[in-house]
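Written below as structure tokens is the structure these notes are about.
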There are 2 protein chains.
Amino acid sequence: MPDHHRSGCPINLALEILGDRWSLIVLRDMTFGNRRHFRDLLNHSLEGIASNILADRLKRLLSEGLITKADDPSHKQKAIYSLAEPAIQLIPIFAHLGAWGLRHRAATEDLAIRAQILQDGGPKLWARFMDELRHLHLGAPKPKGKSVLAELTEAYEAVKAQTAA
Amino acid sequence: MPDHHRSGCPINLALEILGDRWSLIVLRDMTFGNRRHFRDLLNHSLEGIASNILADRLKRLLSEGLITKADDPSHKQKAIYSLAEPAIQLIPIFAHLGAWGLRHRAATEDLAIRAQILQDGGPKLWARFMDELRHLHLGAPKPKGKSVLAELTEAYEAVKAQTAA
DNA sequence: TCTAACTGCTTGCAAATCGCAACTGGTTTC
DNA sequence: GAAACCAGTTGCGATTTGCAAGCAGTTAGA
């Protein structure tokens with residue numbers, strides 16, 4: 001990551017942080033998979049991220065203020081990674097990116113369901129999800145109503161079980 | 001670009017095409033700068049793309065079906081690149097990415113105005129813009145009303161002239 | 001208490017990609 | 001006829017990637 005900017009264009013500035021093959025994947029797993037530990041991100045990575053790449057990306061996202069890192073009180077060696085507000089505000093981008101992938105590439109059925117729900121839910125669902133993430137990652141008060149994350153996860157598990165059968 | 005997919009996740013599939021430092025920059029210039037020729041993309045590139053990288057990305061976007069290439073009848077050597085429908089459907093992503101960059105990074109004032117207009121206009125403006133792009137790139141009938149591209153370009157030129165003074 | 005598994009990384013290395021600069025063969029303009 | 005312009009290509013050093021192995025310490029179970 002260069003320390004100077006290629007241009008002051010807002011799209012370029014966003015891409016200078018997010019425009020690579022792994023950064024958004026890591027954030028996706030933290031967001032939708034609620035993975036908060038290094039090993040968790042490493043071992044459950046669908047795309048098989050390498051440990052050195054993961055370490056590098058976490059360091060970068062940390063220094064750019066998209067995530068934060070804290071000690072896990074339950075384990076001396078564990079670190080908890082949390083989404084910061086800028087990362088939470090990527091939800092609409094994830095939703096559109098998922099919808100685009102769904103429409104224009106051949107997604108597998110089980111992995112498609114969450115993108116579908118997110119697309120159907122629209123900005124109102126995204127806002128609810130963002131509030132939930134602020135609770136989970138930033139310590140904001142727990143929002144009322146059914147958990148969006150649980151809804152997404154349950155739908156995914158259901159389709160996975162169904163397609164496996 | 002690997003010929004196999006890392007996973008069937010729609011977000012990952014989108015990132016396998018768009019997740020690098022240049023692809024979206026090239027598409028942005030074609031979309032918002034209406035640049036359709038190689039030299040045009042090369043010489044007016046704000047970020048200074050290299051010719052070999054540009055050639056590679058155009059080839060890739062072509063093979064992935066995001067853009068098309070045609071001879072320019074006015075000049076034997078000129079090729080006209082056009083956005084295909086999948087690329088036109090990236091408009092909401094550009095809008096959100098710009099809005100995110102605007103909010104979380106330090107964009108320069110002149111380059112910020114288009115992202116601002118796109119954000120304020122919301123999905124209805126995006127849809128109008130997409131219809132306009134279908135006219136400009138796919139030969140669809142010209143939509144009625146004021147051109148969104150002209151609106152964006154004029155606003156940009158105005159702010160640029162103003163900040164230069 | 002011993003041991004195996006787990007913790008967040010780091011290191012070494014080969015391969016791929018990037019970025020820069022120069023260059024190519026052809027076309028068009030003046 | 002010369003200069004500018006056209007879409008790229010080529011060569012090369014520097015950076016980044018991906019893979020495998022390893023590390024110092026911590027924890028859980030027998």
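Letters A, B, ... mirror the listed sequences (proteins, then strands); counts begin at 1. The structure displayed is predicted, hence computed values, not measured ones.
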(request) Return the value, rounded to whole Å, for the distance between atom CG of A:D40 and atom P of C:dT7. (result) 8 Å

(request) List the steps, then state whether ring-ring contact (aromatic ring centres under 6.0 Å, His included) holds for A:F129 with A:F32. (result) CA-CA 10 Å; A:F129 190 27; A:F32 297 96; 5.5 Å; yes

(message) Does this structure show an ion pair linking A:E109 with A:K160, if we count only N-O contacts that are shorter than 4.0 Å?
(response) no

(request) Whole angstrom is fine here: how far is it from NZ in A:K59 over to C1' in C:dT10? (result) 9 Å

(request) Establish, with yes or no, whether the OP1 or OP2 oxygen of D:dG8 is under 4.0 angstrom from a side-chain nitrogen or oxygen of B:Y81. (result) yes

(request) Send over the distance from A:D71 CG to C:dT7 C1', rounded to a whole Å. (result) 13 Å

(request) Specify the residue among A:D56 and B:H37 whose closest nucleotide of DNA chain D lies further upstream toward the 5′ end. (result) B:H37

(message) If you only use heavy atoms from C-beta on, which nucleotide in C:dG8, D:dT26, D:dG8 is closest to the side chain of A:F38?
(response) C:dG8

(request) In plain terms, say whether A:E132 and A:K146 are close enough for a salt bridge, that is, a side-chain N and a carboxylate O under 4.0 Å apart. (result) no

(message) What contact category does A:N52 fall into here, base, sugar-phosphate, or nothing, at under 4.0 angstrom with non-hydrogen atoms?
(response) base

(request) Can you tell me the distance, in whole Å, between the CG atom of B:L41 and the P atom of D:dG8? (result) 11 Å

(message) Could you tell me how far apart A:D20 (CG) and D:dT17 (P) are, to the nearest whole angstrom?
(response) 7 Å

(request) Go through the N and O atoms of the side chain of A:Q77 and the base of C:dG8, and report whether any donor-acceptor pair is under 3.5 Å. (result) no

(message) Using side-chain heavy atoms (C-beta onward) and a distance below 4.5 Å, is B:I80 in contact with B:T68?
(response) no

(request) Find the distance A:D72:CG to C:dC6:P and express it as a whole number of Å. (result) 17 Å

(message) Please pick, from D:dG18, D:dC6, C:dT28, the nucleotide with the shortest atom-to-atom distance to any side-chain atom of B:K76.
(response) C:dT28

(request) Would you kindly say whether B:H44 and B:D29 are connected by a side-chain donor-acceptor distance under 3.5 Å? (result) no

(message) Both B:R57 and B:R39 contact DNA chain C. Which one's nearest nucleotide lies toward the 5' end?
(response) B:R57

(request) Rounded to the nearest angstrom, tell me the gap between atom CD1 in B:I53 and atom C1' in C:dT17. (result) 8 Å

(request) Please state how far atom CZ in B:R21 lies from atom P in D:dT16, giving the value in whole angstrom units. (result) 9 Å

(message) At less than 4.0 Å, is any side-chain N or O atom of A:W22 found next to OP1 or OP2 of D:dT17? Yes or no.
(response) no

(message) On DNA chain D, compare the nucleotides closest to A:A50 and A:H75; which residue's is nearer the 5' end?
(response) A:A50

